[in-house]
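In what follows, every heavy atom counts, from backbone to side chain, and hydrogens, waters and symmetry copies are set aside. Each chain gets a letter, A, B and so on, in the order the sequences are listed, and its residues count up from 1.
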Number of protein chains: 2
Amino acid sequence: MTDPMKRFSESTIRRLSHYYRVLEEVHAEGQRMISSHLLAEREDITSAQVRKDLSYFGSFGRRGLGYNVEHLRTEIRAILGLDRRWRVALVGAGHIGAALLAYRGFRDQGFDVVAVFDSSPERIGKTLGDVVVQDIAKLPECEGAEMGVIATPVRAAQEVADMLVAAGVRGILNFAPRKLRVPEGITLRNVDMTMEFESLSFVLSQTRGKPRRRAGE
Amino acid sequence: MTDPMKRFSESTIRRLSHYYRVLEEVHAEGQRMISSHLLAEREDITSAQVRKDLSYFGSFGRRGLGYNVEHLRTEIRAILGLDRRWRVALVGAGHIGAALLAYRGFRDQGFDVVAVFDSSPERIGKTLGDVVVQDIAKLPECEGAEMGVIATPVRAAQEVADMLVAAGVRGILNFAPRKLRVPEGITLRNVDMTMEFESLSFVLSQTRGKPRRRAGE
DNA sequence: TCCCGCTTGTGAAAACGTTCACCTGCCCGC
DNA sequence: GCGGGCAGGTGAACGTTTTCACAAGCGGGA
Ligand SMILES: NC(=O)c1ccc[n+]([C@@H]2O[C@H](COP(=O)([O-])OP(=O)(O)OC[C@H]3O[C@@H](n4cnc5c(N)ncnc54)[C@H](O)[C@@H]3O)[C@@H](O)[C@H]2O)c1
Ligand SMILES: NC(=O)c1ccc[n+]([C@@H]2O[C@H](COP(=O)([O-])OP(=O)(O)OC[C@H]3O[C@@H](n4cnc5c(N)ncnc54)[C@H](O)[C@@H]3O)[C@@H](O)[C@H]2O)c1
């Protein structure tokens with residue numbers, strides 16, 4: 001869509017998401033223009049970074065003025081592929097699955113959960129959100145979903161991934177804490193809360209090795 | 001704990017978590033030794049990367065042989081700060097909060113949720129997991145928690161963060177999709193599922209602009 | 001005991017991402 | 001319509017992370 005087959009860094013994309021969110025807010029507040037400096041908002045992003053990120057995709061600002069909020073919002077929306085709706089198949093109607101289904105934010109961003117699958121007889125047939133939980137055995141018959149979400153226990157994750165790929169999804173969001181194998185051409189993203197906890201625990205034990213206000217370890 | 005005040009890259013730490021997980025598995029299977037090549041396991045990490053990561057913290061392997069699984073597991077455990085228990089205060093007993101409380105994995109890794117807070121009268125007083133949900137107004141009286149988890153709606157997130165900091169936590173895991181301000185010395189990690197979805201949507205719209213097997217856009 | 005194949009640990013090189021610094025363009029006030 | 005100040009775009013410098021490549025160490029077999 002841009003140049004030939006240029007790839008953009010993961011971090012740039014994550015920051016685009018961030019800019020988009022800021023723009024949504026600022027737009028709601030009625031602001032018309034915003035500077036790269038304000039877009040950066042928090043000190044871990046510099047204004048130069050903002051401008052560089054945006055410049056990979058085009059020239060959206062006006063010198064001396066900044067960026068038009070409405071315009072930039074529309075542009076980033078298009079870049080992130082949020083100017084359309086995505087059909088999502090969710091596998092695993094447990095805690096995480098239920099949380100996702102209950103979350104309005106996703107629908108608002110263009111993500112529609114069009115099918116939910118589970119293996120437990122207790123869950124199959126129940127209505128969750130506005131879709132009926134289907135038997136995982138029916139997943140191969142699922143059509144039209146571009147993305148899959150894996151919210152099953154670890155042991156089922158790889159098998160489910162294979163089924164999703166067979167059913168034709170091109171991207172998978174995986175909540176199970178395990179690296180999955182997917183064929184080339186299939187995009188995989190992991191949400192790994194365990195890792196975040198461990199990262200916290202690492203930093204905290206670095207900065208002060210022992211519990212506060214207690215004797216030795 | 002290592003040299004003077006050397007900092008390690010975020011990615012190194014995330015990979016350590018990954019290695020740790022692989023080691024747990026391999027350990028359970030009864031393997032005694034493992035090579036850096038096998039530790040990398042998936043093609044997006046090279047064996048050189050594994051060795052470099054580990055070398056930041058010491059020399060744990062033996063040339064010609066690889067790493068002793070049990071030993072390396074213990075070492076990484078200590079590096080990540082998982083050789084102790086962490087007290088966690090959870091704020092927001094909604095979908096995400098409930099999912100976290102129900103998840104055995106965290107307890108197994110050494111994270112104990114010692115207190116849960118919510119603002120909704122419907123939730124306060126209910127028992128979730130094995131703790132009673134308390135009124136958020138009681139958070140300032142909470143003592144001894146080293147980490148806080150924010151699982152409230154976005155609008156409450158910053159206020160909750162401030163309260164957690166006041167209550168003495170040194171690290172915060174934030175599920176609300178907004179950048180939070182925290183004082184220096186407080187470690188903040190964000191789990192942002194929306195961003196992951198957007199990242200998927202970006203890649204998918206790059207690789208093939210239109211839905212598969214359907215006419216126009 | 002000595003050699004060979006295997007695998008680590010690590011400097012050096014390469015790739016990558018971020019920051020700097022400056023030129024350009026634009027608006028506004030005079 | 002002219003000048004000053006503001007703010008975006010961008011090549012180059014910089015710093016960090018990853019990869020490369022190889023010497024050094026180890027075990028096992030002859
Ligand atoms: N809950 C958390 O806080 C948390 C935190 C970190 C990671 N995770 C991971 O997220 C995943 C989901 O966690 P959860 O808490 O929602 O688990 P859960 O047990 O609440 O739900 C899992 C669901 O998957 C279903 N399932 C099992 N096997 C299946 C299969 N083969 N096909 C289809 N469905 C199947 C189960 O019936 C259940 O409904 C797990 O892999 C877990 O490790 C969860
Ligand atoms: N559910 C998801 O799949 C999902 C996905 C992405 C992001 N998030 C984010 O995670 C956060 C939690 O999501 P959720 O689905 O669990 O929401 P939820 O509505 O199920 O739960 C939120 C809980 O926070 C409580 N709460 C509200 N204000 C509070 C306050 N000031 N102090 C203490 N408690 C308060 C509410 O009573 C409720 O119990 C939200 O910020 C949401 O944007 C959720």
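- In this structure, B:Leu39 atom CG and C:dC6 atom P are separated by 19 Å, rounded to whole Å.
- Atom pair B:His37:NE2 and C:dT8:C1' shows a separation of 15 Å (rounding to whole Å applied).
- The nearest whole Å value for the distance from the CG atom in B:Leu72 to the P atom in C:dG9 is 9 Å.
- Scanning residues 23-35 of chain B for heavy-atom distances under 4.0 Å to DNA chain C yields B:Ser35.
- Mapping A:Lys52 and B:Leu65 onto DNA chain C by nearest heavy atom places B:Leu65 closer to the 5' end of the strand.
- As a whole-Å value, the separation of A:Phe57 CZ from D:dG8 C1' is 17 Å.
- Side-chain atoms of B:Arg62 stay outside donor-acceptor range of the base of C:dT8, with no qualifying N/O pair under 3.5 Å.
- Two residues, A:Glu10 and A:Arg51, neighbour DNA chain C, and the one matched to the more 5' nucleotide by heavy-atom proximity is A:Glu10.
- Put simply, the side chain of A:Thr74 gets close to the backbone of A:Glu70: a donor and an acceptor are under 3.5 Å apart.
- Checked for salt-bridge contact, B:Arg178 and A:Glu41 miss the test: no charged N lies under 4.0 Å from a carboxylate O.
- B:Arg7 has its CZ atom 13 Å from the P atom of D:dT16, to the nearest Å.
- Ring orientation note: the planes of A:Phe111 and A:Phe106 are nearly perpendicular, at an angle over 60° on the 30°/60° scale.
- In this structure, A:Glu25 and A:Gln31 have side chains that are not in contact, with every pair of non-hydrogen atoms separated by 4.5 Å or more.
- At least one side-chain nitrogen or oxygen of B:Ser36 sits closer than 4.0 Å to the OP1 or OP2 atom of C:dT8.
- Note on A:Thr46: a side-chain N or O is less than 4.0 Å away from OP1 or OP2 of C:dT19.
- For the salt bridge (charged side-chain N to carboxylate O under 4.0 Å, His left out) with A:Glu146, the qualifying choice from A:Arg170, A:Arg85, A:Arg84 is A:Arg84, the only one to do so.
- One cannot find a donor-acceptor pair under 3.5 Å joining the base of C:dT7 and the side-chain atoms of B:Arg63.
- In this structure, the side chain of A:Gln158 engages the main chain of A:Arg181 through a donor-acceptor pair within 3.5 Å.
- Remark: B:Ser9 is not in phosphate contact with D:dT16, judged by side-chain N or O atoms under 4.0 Å from OP1 or OP2.
- If you take CG of A:Asn68 and P of D:dA7, they are 15 Å apart, rounded to a whole angstrom.
- The shortest distance between the side-chain N/O atoms of A:Tyr67 and the OP1/OP2 oxygens of D:dG9 is below 4.0 Å.
- Atom CZ of B:Phe60 is separated from atom P of C:dT10 by 11 Å (rounded to the nearest Å).
- Whole-Å rounding puts the A:Gln49 CD to C:dG17 C1' distance at 7 Å.
- Judged by distance alone, the side chain of A:Arg87 and the main-chain N or O of A:Gly144 form a donor-acceptor pair under 3.5 Å.
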